[in-house]
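First the structure, in the form of structure tokens, and then the observations on it.
Hydrogens, waters and symmetry mates are skipped; everything else that's a heavy atom, side chains included, is used. This structure is a prediction, so every number in the text was calculated from the model and none was measured.
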Amino acid sequence: MTDKFDKTPAAPPAGQVSVSKAATTAPENIKAIPVRHVGRWISGVVVIGLLVALVYAFSQGNIQWQAVGDKLFDKNVVAGAGRTLLISVLAMVLGVILGIVLAVMRLSKNPVTSWVAWLYIWFFRGTPVYVQLLLWFNLALIFPVLNIPFIYKDEMTDVMTPFMCALLGLALNEAAYMAEICRAGIQSVDEGQTEASHALGMTQAKTMRRVVLPQALRVIIPPTGNEFINMLKTSSLVYAVTYNELLRSTSQIGSTSYAVMEMLFVASIWYIVMTSVFSVGQYYLERRFARGSLRSLPLTPWQRVKVNLTAFGNRPSGGVSA
């Protein structure tokens with residue numbers, strides 16, 4: 001005879017009942033109290049105070065601010081800014097072209113071309129731009145006549161005009177730096193790309209033009225933009241070869257009107273405007289060339305502002321929910 005078992009579930013212990021009820025109760029909101037960064041507020045007040053003091057000092061100085069506004073768009077100043085932009089663009093274009101050639105020569109297996117490229121880079125990176133400009137400007141002291149047999153012959157003073165001295169001095173110096181930038185970009189491309197191109201029957205020159213250089217541009221573009229912005233400022237050194245660019249134009253006006261500091265402020269404003277415009281262009285150019293290497297492009301400054309404003313508007317008024 002078998003025993004009968006009671007199949008009615010036994011009552012759970014009292015402690016277990018309290019735990020299950022507590023588990024079904026929604027947690028209370030956590031009142032998150034932000035950490036007070038006293039040091040940030042103090043440093044912010046100190047920086048703002050220094051800026052206010054600096055602005056006040058310039059406002060009380062012996063500066064004719066009205067002359068700055070009056071001469072900002074003077075026809076000579078605008079023409080000088082145009083010549084600064086012209087010489088910078090031309091010098092940069094020549095520097096990039098020659099830099100690519102030098103980079104390819106530097107990476108060549110031919111020891112002659114490799115050493116010639118290295119020697120060029122060594123010389124132009126080792127001497128100041130100001131000295132190079134003066135060398136071109138005084139080249140007639142060494143070669144009074146430029147004589148290319150059966151092609152061209154003229155006085156060196158007529159050939160080396162201020163524009164030509166400025167262009168050669170800036171472009172040849174820039175080529176040395178662009179050669180190193182391009183060399184770094186070319187070496188960043190995986191060697192397997194070159195080997196695969198050769199396996200398909202492409203020549204060395206075609207591989208460089210069709211495969212390597214397009215991929216190297218992603219590395220070359222950012223420092224090239226920085227170099228051009230630096231070129232805009234370095235172009236002020238052509239003042240030494242009497243090329244009438246922005247700084248020389250403003251200095252001439254300042255020497256005749258006795259508003260020397262005011263015209264230097266005018267030149268500074270123009271340089272800041274030009275570099276700012278090209279900095280924005282450089283940002284979007286880098287963003288475009290980054291499309292092939294990033295899964296998602298970073299937000300633009302205007303998109304960041306919109307996201308921050310949206311997040312600020314949607315911020316909850318109460319505590320932080322757990």
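The number of heavy atoms from other shown groups lying within 6.0 Å of OH (Tyr152) is above 12. No more than 12 heavy atoms of other residues, nucleotides or ligands sit less than 6.0 Å from atom CZ of Arg210.
In this structure, Ser114 contributes its side chain and Asn110 its backbone to no donor-acceptor pair below 3.5 Å. Checked by atom type and distance alone, the side chain of Glu245 pairs as donor or acceptor with a backbone atom of Arg248 at under 3.5 Å. When atom types are taken as modelled, the side chain of Thr194 and the backbone of Asp190 share no donor-acceptor pair closer than 3.5 angstrom. For the pair Glu155 (side chain) and Thr157 (backbone), a donor-acceptor distance under 3.5 Å is absent. Using modelled atom types, no side-chain atom of Glu174 and backbone atom of Met231 make a donor-acceptor pair closer than 3.5 Å.
Sorted by first and then second residue, the side chain to side chain donor-acceptor pair (under 3.5 Å) pairs with a member in residues 63-79 form an empty list; sequence neighbours excluded. Identified under the salt bridge (charged side-chain N to carboxylate O under 4.0 Å, His left out) test for residues 40-67, with sequence neighbours left out: none.
With His198 as the fixed residue, the side-chain hydrogen bond (donor to acceptor under 3.5 Å, both in side chains) test singles out one of Gln204, Gln193, Lys206: Gln204.
Separating the OG atom in Ser235 from the CG atom in Leu167 is a distance of 12.0 Å, to the nearest 0.5 Å. Annotation: the span from Ile181 atom CD1 to Ile221 atom CD1 amounts to 10.5 Å, rounded to 0.5 Å. One finds the CG atom of Leu146 at 10.5 Å from the CG atom of Asp158 (value rounded to the nearest 0.5 Å).
Residues Met202 and Val211 come closest through the heavy atom pair CE-CG2, 4.0 Å. Nearest approach of Ala171 to Leu94, heavy atoms of both residues: CB-CB, 3.8 Å.
A donor-acceptor contact under 3.5 angstrom links the side chains of Gln132 and Thr127, judged on distance only.
Taking the side chain as every heavy atom from C-beta outward, Met178 and Ile97 never approach each other to under 4.5 Å.
Between Phe163 and Tyr243, the two ring planes are tilted [angle within 30° to 60°].
Aromatic ring centres of Tyr120 and Phe124 lie closer together than 6.0 Å.
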Please set out all donor-acceptor pairs under 3.5 angstrom arising from side-chain atoms of residues 79-92, sequence neighbours excluded.
{"unit_1": "Arg83", "atom_1": "NE", "unit_2": "Asn244", "atom_2": "O", "d": "2.5"}
{"unit_1": "Arg83", "atom_1": "NH2", "unit_2": "Asn244", "atom_2": "O", "d": "3.3"}
{"unit_1": "Thr84", "atom_1": "OG1", "unit_2": "Gly80", "atom_2": "O", "d": "3.1"}
{"unit_1": "Thr84", "atom_1": "OG1", "unit_2": "Leu246", "atom_2": "N", "d": "2.9"}
{"unit_1": "Ser88", "atom_1": "OG", "unit_2": "Thr84", "atom_2": "O", "d": "2.7"}

query: Does the pair Arg183 and Glu180 meet the rule for a salt bridge (charged side-chain N to carboxylate O under 4.0 Å, His left out), with working shown?
result: CA-CA 5 Å; Arg183 183 173 66 89; Glu180 292 298 284; 2.8 Å; yes
